[in-house]
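Below is one structure, written out as structure tokens; the observations come after it.
Just follow the structure's listing: the first ligand is 1, and inside any ligand the first atom is 1. What you see below is based on every heavy atom in this structure, not just the backbone, and it leaves out hydrogens, waters and symmetry mates.
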Amino acid sequence: MKIAIAADHGGFELKNSMVEYIKELGYEVNDFGTDSADSVDYPDYARKVCEDIQNEKSDLGILICGTGIGMSLAANKFSGIRAACVSDVYSAKMSRNHNNANVLCFGARVVGDEVAKLLIKTFLENEFEGGRHERRVNKIMDIEKENKDL
Ligand code: RB5
């Protein structure tokens with residue numbers, strides 16, 4: 001499985017250590033930066049990860065900014081992207097099991113290294129349960145289609 005990851009200046013240090021961690025877990029990583037504290041705009045980095053998933057070059061994505069909020073707002077504007085901004089392990093698990101989230105977002109100013117590792121491991125190792133949850137996720141995707149040209 002291939003994982004796309006990116007961060008803005010608020011999350012680049014955490015992102016760099018998470019790249020190594022994700023590799024240790026045995027996944028391939030597409031790292032889209034940023035790689036310095038120079039100020040950048042998080043939507044540009046959300047775009048890189050979301051387009052990589054849309055182009056089927058990556059299976060799942062991880063986006064890190066200061067809070068995770070800006071990244072998730074931007075990511076959820078991309079067709080087919082279901083981004084979950086989480087800071088606890090239960091929500092990370094449910095975002096896969098019930099929501100079929102394909103992008104995990106969190107804030108480097110919210111969680112530390114060890115919590116970030118748990119969020120990532122949980123997100124990557126859980127799967128969508130389908131069933132009644134599929135009907136609900138399909139309704140989310142219907143909303144996306146209905147709003148496409150508005
Ligand atoms: C950048 O200062 C900060 O606004 C950004 O990292 C993020 O937290 C936005 O949601």
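Nearest protein neighbour of atom 9 (C) of ligand 1, counting heavy atoms only, is Tyr42 CE2, 3.5 Å.
The N/O atoms of Met71, backbone and side chain alike, include none that comes under 3.5 Å of an N/O atom in ligand 1.
Checked options Lys48, Gln54, Arg47; the residue passing with Glu51 is Arg47 (criterion: side-chain hydrogen bond (donor to acceptor under 3.5 Å, both in side chains)). For the salt bridge (Lys or Arg N to Asp or Glu O under 4.0 Å) with Glu28, the qualifying choice from Lys57, Lys2, Lys23 is Lys2, the only one to do so.
Of all the heavy atoms in Ala46 and Ala75, the pair that sits closest is CB-N, 4.2 Å.
Judged by distance alone, the side chain of Asp31 and the main-chain N or O of Gly33 form a donor-acceptor pair under 3.5 Å. With hydrogens and angles disregarded, a donor-acceptor distance shorter than 3.5 Å links the side chain of Asn76 to the backbone of Ser72.
Heavy atoms of Asp8 found under 4.0 angstrom from ligand 1 belong exclusively to the side chain. Contact annotation: for Arg109 versus ligand 1, heavy atoms closer than 4.0 Å belong to the side chain alone.
Counting only heavy atoms, the protein never gets under 4.0 Å from atom 4 (O) of ligand 1.
Residue Gly66 approaches ligand 1 through these ligand atoms, each under 4.0 Å from one of its heavy atoms: 5 (C), 6 (O), 7 (C), 8 (O). Close approach to His9 involves these atoms of ligand 1, each under 4.0 Å from a residue heavy atom: 1 (C), 2 (O).
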